[in-house]
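Only this structure's heavy atoms are used, side chains among them; waters, hydrogens and symmetry mates stay out. Protein chains get the first letters and strands the later ones, always in sequence-line order, with residue 1 at the start of each.
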Protein chains: 2
Amino acid sequence: MTQLLDVRKMNILRAIVDDYILTAAPVGSRTLSKREDIELSPATIRNEMSDLTELGFLEQPHTSAGRIPSEKAYRLYVSNIMDRAKLTDEEAEYIRAHLERRVSEVGEVIKETARMLSGITKYTSIVQMPHLKNARLKHISLIPVTTGTALAVIVTNSGYTNSIMLDVPSGITAGHLEKISSLMNERLAGYKLVDVQKTLLPLLREEIGEQADSVAAMLSSLSEDKGRRGYEVVGAANMLDYPEYADVSKARSFLSELERGEIFKEVLSDGSGVEMTVRIGTENDNPELKDCSVITVSYRVGGEQVGSMAVIGPTRMDYEKVVAVLRCMSESLSNVLSGMLLSEPDAGGSDK
Amino acid sequence: MTQLLDVRKMNILRAIVDDYILTAAPVGSRTLSKREDIELSPATIRNEMSDLTELGFLEQPHTSAGRIPSEKAYRLYVSNIMDRAKLTDEEAEYIRAHLERRVSEVGEVIKETARMLSGITKYTSIVQMPHLKNARLKHISLIPVTTGTALAVIVTNSGYTNSIMLDVPSGITAGHLEKISSLMNERLAGYKLVDVQKTLLPLLREEIGEQADSVAAMLSSLSEDKGRRGYEVVGAANMLDYPEYADVSKARSFLSELERGEIFKEVLSDGSGVEMTVRIGTENDNPELKDCSVITVSYRVGGEQVGSMAVIGPTRMDYEKVVAVLRCMSESLSNVLSGMLLSEPDAGGSDK
DNA sequence: ATTAGCACTCAGAGAGAGTGAGTGCTAACA
DNA sequence: TGTTAGCACTCACTCTCTCTGAGTGCTAAT
């Protein structure tokens with residue numbers, strides 16, 4: 001693929017985006033020519049800008065204003081900074097240290113992640129709770145609630161609990177449920193939730209015979225994500241600091257949308273396997289996000305994706321910083337969680 | 001106590017408050033004289049308004065504007081509408097019906113309560129999760145997490161789960177914990193959490209002898225509220241609809257404060273025994289709430305207070321409506337929860 | 001005690017002028 | 001041929017000024 005733009009155009013475009021990200025005001029030719037990294041006269045720059053406008057990288061709010069970057073420009077800009085976005089060692093250290101302080105409980109770690117993301121970037125952050133499927137089972141209780149439903153309370157290593165309502169197949173009695181949970185507790189503690197099912201099946205066959213299969217089906221929702229996963233949202237109010245949301249009604253609809261929670265389906269959509277995705281403006285399906293960019297990254301436990309986190313900001317967000325922070329945060333969170341969730345199953349507590 | 005204001009002054013003041021609540025604009029004498037319930041000339045009204053201003057019930061933004069009610073006026077106004085605030089039967093029915101549809105899980109009921117509160121009033125609502133102490137125990141697991149800490153997972157009737165980190169006294173082993181939980185499950189299911197402790201103590205003495213007391217102490221935090229209680233906040237963005245928050249920076253600081261969560265300590269403070277409290281403007285300790293009014297009401301399970309809910313709005317909120325809605329909501333939620341949490345402990349599930 | 005009348009106040013809306021950052025085009029220059 | 005200086009033009013913003021109208025307080029008449 002041949003270079004889309006020559007070096008000079010690239011430089012000018014980058015400078016415009018940089019400037020616009022900082023000031024949110026249309027950038028003019030004179031402003032650019034004053035920068036030390038561009039040694040051209042305003043007139044020359046105007047010519048280049050005119051070209052860039054024609055190519056669709058710049059837009060003009062009105063004739064006598066400067067130019068602002070188009071979504072296409074951000075796209076190009078992002079693909080360029082993607083490699084070099086990197087935090088200083090101190091910043092990375094800061095993140096790691098803060099995250100490891102909170103090592104007591106998964107929920108707390110997720111909350112702290114969201115807080116830091118929004119604290120450092122000054123945008124809105126969303127962090128999803130980790131998927132359970134790779135966590136190791138510490139304890140499970142199946143508690144009948146009404147006819148046909150039971151509550152599964154799962155505790156994994158390090159005090160991460162989650163409860164999921166299950167539909168109990170007809171024919172399974174409370175007695176069965178009790179037997180199943182004690183079976184699981186005795187024989188399956190320390191197993192991964194995904195493995196629990198297949199390991200459990202033969203055991204079940206012995207115990208309850210023909211109904212084993214329907215029970216297994218019921219339990220399959222444990223390792224899936226039936227109990228809709230929680231997430232932490234922090235810094236929604238930050239958006240009000242940006243001139244993009246100076247208009248209260250705009251801010252209002254953004255915040256309402258956030259509260260509705262529908263956004264998350266899209267924002268945190270798994271992106272199966274992709275490390276990081278950047279959605280700029282109208283690339284977001286949700287029309288409420290058409291003036292926003294959303295950068296999503298997944299995090300892992302033991303090499304496998306178990307959740308995502310995202311930062312939402314105005315389209316002119318500081319992509320470089322956000323990408324760098326998210327990358328680092330994903331790394332750190334993955335490490336911390338892996339440490340917590342994959343530690344060898346202990347024998348059932350520590351005697352004195 | 002003799003009447004503070006004569007009838008005519010009261011009428012005028014009420015009319016001013018009514019009008020200001022509706023329009024958020026200073027009310028003038030001519031506007032008032034046009035109302036059918038006030039048959040006085042503007043001049044007369046001006047005289048009365050002048051008196052009311054002197055008495056501290058009205059304020060004047062500037063010489064040539066109308067009057068706006070002072071906090072003192074709201075106070076008086078509220079004490080008057082307190083009795084007559086009442087929903088129509090249809091509205092009350094609507095609330096009851098909606099709440100009872102969600103009868104499957106306590107968390108859902110609380111969320112729905114918050115949603116309805118904010119949906120009907122158009123203000124911000126906060127609803128606290130119920131205190132556990134009066135819930136009946138369905139299941140408990142004590143799961144060792146690290147040396148010195150264990151996770152208590154409590155399931156009460158109707159699938160309400162809560163987990164609390166406990167400090168395990170030294171000398172108590174994982175084996176002990178296991179024994180204690182199975183003891184509790186076998187013998188104490190159906191008991192109230194507050195009663196569990198005292199009923200458990202003799203049983204514990206038999207089983208683990210001298211350490212019984214330290215275990216009982218540990219379990220005491222179950223019926224207290226150590227694991228800080230959750231709450232649902234809905235409709236924060238609603239505040240942006242009111243001209244009071246047309247200034248973005250004001251909105252921003254309000255929302256940030258909400259997110260910080262410190263507000264709740266004050267807002268939901270138990271008010272031990274008081275049915276409903278109305279805090280107007282600077283009556284709130286939190287300076288961020290000095291332009292807001294907060295109306296709090298508690299709700300009960302089986303006659304005992306187990307939580308509160310609140311509506312936060314601008315000082316010129318529609319007190320009558322909010323009081324009425326909160327009163328009804330408290331009643332309905334209390335009923336629904338009592339139904340869910342106090343139902344006789346079933347024998348452990350329903351066989352087919 | 002109430003009201004009509006009148007002079008006065010003052011925020012807010014609207015019109016018009018001035019300012020300055022920006023553009024596009026043309027012609028000169030290296 | 002690419003770059004730059006010069007110039008006329010555009011247009012959002014800001015500032016100032018005026019006008020308007022809703023409101024007041026006081027006084028005198030009813």
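- Looking at A:Q60 and A:T53, their side chains never bring a donor and an acceptor atom within 3.5 Å of each other.
- If you check the side chains of A:N286 and A:E257, you find a donor sitting under 3.5 Å from an acceptor.
- Using a 4.0 Å cut-off on heavy atoms, the residues of residues 50-65 of chain A that approach DNA chain D are A:H62, A:T63, A:S64, listed by number.
- Boundaries of the chain A contact region on DNA chain D are D:dT3 to D:dA12, first to last in 5' to 3' order (nucleotide atom under 4.0 Å from a heavy atom).
- Judged purely by distance below 3.5 Å, without hydrogens or angles, the side chains of B:R8 and B:N11 never pair a donor atom with an acceptor atom.
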List the atom pairs, donor and acceptor, that lie under 3.5 Å between side-chain atoms in residues 15-29 of chain B and the rest of the protein, sequence neighbours left out.
from, atom 1, to, atom 2, distance (Å)
B:D18, OD1, B:Y77, OH, 2.8
B:T23, OG1, B:D19, O, 3.0
B:T23, OG1, B:A25, N, 3.2
B:S29, OG, B:R46, NH1, 3.2

Could you go over nucleotides 2-4 of chain C and give all protein N or O partners under 3.5 Å, atom names and distances?
from, atom 1, to, atom 2, distance (Å)
C:dT2, OP1, B:R8, NH1, 2.8
C:dT2, OP2, B:R8, NH1, 3.1
C:dT2, OP2, B:R8, NH2, 3.0
C:dT3, OP2, B:S41, N, 3.3
C:dT3, OP2, B:T44, OG1, 2.5

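- In this structure, the side-chain contact (heavy atoms from CB on, under 4.5 Å) partners of B:D285, at least two apart in sequence or on a different chain, are B:E266.
- Side-chain polar atoms of A:E71 and A:T315 form no donor-acceptor pair below 3.5 angstrom.
- Side-chain contact check for B:S118 and B:Y123: no donor-acceptor pair (N or O, by modelled atom type) lies under 3.5 Å.
- Salt bridge annotation for B:E275-B:R327: absent, with no cationic side-chain nitrogen under 4.0 angstrom from a carboxylate oxygen.
- Checking B:S79 against B:R75 by side-chain atom types alone, no donor-acceptor pair falls below 3.5 Å.
- Residues satisfying the salt bridge (Lys or Arg N to Asp or Glu O under 4.0 Å) criterion with A:E91, sequence neighbours excluded, are absent altogether.
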